[in-house]
Amino acid sequence: MPSPAPSGRNRQGQRDQEQGNRTALVEDLMERFPHIPREAVLKEDLLRGGMAFDDSALSDTADKATGEVKPKSYFIFSFDHRTLPELGEAALRRPPEEIVLTGGPYDLSRTVVSVRVNPSSPYRVQAGEDGSLGLYLDGRRIADVGLPPMPDYYRHTLANGKSVMEVAPTIQWGYLIYLTVFRVCQYFGAKEECQYCDINHNWRQHKAAGRPYTGVKPVEEVLEALQIISDHDTLGASSAYTLTGGSITSQVQGKDEADFYGQYAKAIEERFPGRWTGKVVAQALPKEDVKRFHDYGIRIYHPNFEVWDKRLFELYCPGKERYVGREEWHRRILDSAEVFGPRNVIPNFVAGVEMAAPFGFDSVDDAIASTTEGLDFFMSHGITPRFTTWCPEPTTPLGKSNPQGAPLEYHIRMLDAYRSAMQRHGLSSPPGYGPAGAGRAVFSVSSFMDTLPAEEGAPVA
């Protein structure tokens, strides 16, 4: 069961505390939640608040894969705390896609963390006196930092000169090929866009910077990029692909959402049968459309429910509420389990937006109770949600009003509540995310896989 609620401090009290010594805050939570891996406590703090980079830790890569470090690809959202024009050197010389933490005073096992750049973060990646990279907090080195090597397949280009990184970037230390084949969302404007999502702005800022950022990726380009990955990923690190992009409320290139995203799965499965596990992140669609996804070759379906609370869903996801509605959205998620099987339906929620001012919960207790209600709802049907740790991007309404994101205590208690809910319903880690357990997990945008128990006999990543 989750640990007893601590002090019941409200949202502002939590944030006031966090303005002090961050090391004291982190170590306090490590002590109060000893059953949550220390690795997860640090990872959540880095994901919610970002990290700064010394020039010595940048990739020396702009848009071409010419360096030794795999650069950040901006595969769908910015996942940064500043816009590109505000990032300075980090915009010209890309930071790494991810970092891996080990050692230090907390004796960290191998921990993969997605890079979210924040020049004002108390965490800084920089070289020490011996030249080796470390993660520094409050001026103290707390972990050794490893950078992802440039994969061989990134060094090859398509026939038209486009990079593999632009068409088919890989994340999670190479485990997942992320195919954002539609770079904008048809939920558009203040009355329709999800209030925490910067997909449309991310598209605009990359185009304004003159970076290659293909709006709709042709099927042929995706297949060509995948062929390069297949030919040069000799160790077989890539195990799955995700098809995703913005929501489609009408059509793209004459196709509705199921057929638009489904055409890519069909082409991939025909060219590379069984090479990767196919996943799709899409809206909660009617059962007939979901069947088409399955027929096209998709095996894991992510109809994200975003936030559980009814009032917050209506406020934060106005387009989804207007076009589909929360109750219908949930009904479609349950229906999709009849097509894919409950274990292969994995809706995401954005952990932290529950506490976003001015409309979110004021106390950690209430936010955790609400989201746990949602976990129990889906898990009681055999469906295992997962979550992404909210990054308050500055161009989004919630990011502007909540630049610090949610309190760290919320995130640690969410991990606790999530693991307890999994145990309560007799569920194991969801498929398509690589190994579970601290020191093994590669899922980089939240710590839920680091926190779940490692399966017996599972390899170390």
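This structure is a prediction, so every number in the text was calculated from the model and none was measured. Numbers here are sequence positions counted from 1.
- Checked against salt bridge (Lys or Arg N to Asp or Glu O under 4.0 Å), D144 has the following partners two or more places apart in sequence or in another chain: R141.
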Q. What do the steps show when you test S238 against R275 for side-chain contact (heavy atoms from CB on, under 4.5 Å), and what is the final call?
A. CA-CA 9 Å; S238 59; R275 171 61 181 86; 3.2 Å; yes
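- Screening residues 168-180 for salt bridge (Lys or Arg N to Asp or Glu O under 4.0 Å) gives no qualifying pairs among residues at least two apart or on separate chains.
- Listed by chain and number, the residues in a ring pair (Phe, Tyr, Trp, His ring centres under 6.0 Å) with Y196 amount to none (sequence neighbours excluded).
- Qualifying salt bridge (Lys or Arg N to Asp or Glu O under 4.0 Å) partners for E98, counting only residues two or more places apart in sequence or in other chains: none.
- With sequence neighbours excluded, no residue satisfies ring pair (Phe, Tyr, Trp, His ring centres under 6.0 Å) with F53.
- In this structure K279 satisfies the salt bridge (Lys or Arg N to Asp or Glu O under 4.0 Å) test with no other residue, sequence neighbours excluded.
- Remark: E321 engages no residue in a salt bridge (Lys or Arg N to Asp or Glu O under 4.0 Å) (not counting sequence neighbours).
- For an aromatic pair to be called close, the ring centres must be under 6.0 Å apart, and H232 with Y154 fails this.
- Listed by chain and residue number, nothing satisfies the ring pair (Phe, Tyr, Trp, His ring centres under 6.0 Å) test with Y175 (two or more places apart in sequence, or in another chain).
- Applying the ring pair (Phe, Tyr, Trp, His ring centres under 6.0 Å) criterion to Y123, with sequence neighbours excluded, gives no partner residue.
- Looking at heavy atoms from C-beta onward, L415 lies out of side-chain contact with F33 at the 4.5 angstrom threshold.
- The distance between the ring centers of Y187 and Y323 falls below 6.0 angstrom.
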Test log, rule side-chain contact (heavy atoms from CB on, under 4.5 Å), inputs V184 and F182: CA-CA 6 Å; V184 294; F182 182 42; 3.5 Å; yes
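- Among pairs with a residue in residues 339-349, those fulfilling side-chain hydrogen bond (donor to acceptor under 3.5 Å, both in side chains) read R343-S428, N348-R386, N348-T388, at least two apart in sequence or across chains.
- For the pair R116 and F79, the distance from NZ or CZ to the six-membered ring centre is under 6.0 Å and the angle to the ring normal is within 45 degrees.
- Within the structure, salt bridge (Lys or Arg N to Asp or Glu O under 4.0 Å) pairs that include any residue of residues 375-384 comprise D376-R424 (at least two apart or interchain).
- The list of salt bridge (Lys or Arg N to Asp or Glu O under 4.0 Å) pairs with a residue in residues 328-340, not counting sequence neighbours, reads K287-E338, E328-R331, E328-R332, R331-D335.
- Residue-environment remark: CD (E31) stays at or below the threshold of 12 foreign heavy atoms within 6.0 Å.
- Paired with F387 under the rule ring pair (Phe, Tyr, Trp, His ring centres under 6.0 Å), one option of W308, F378, F349, F443 passes, and it is F349.
- With hydrogens and angles left out, the side-chain atoms of S56 and D54 include a donor and acceptor closer than 3.5 Å.
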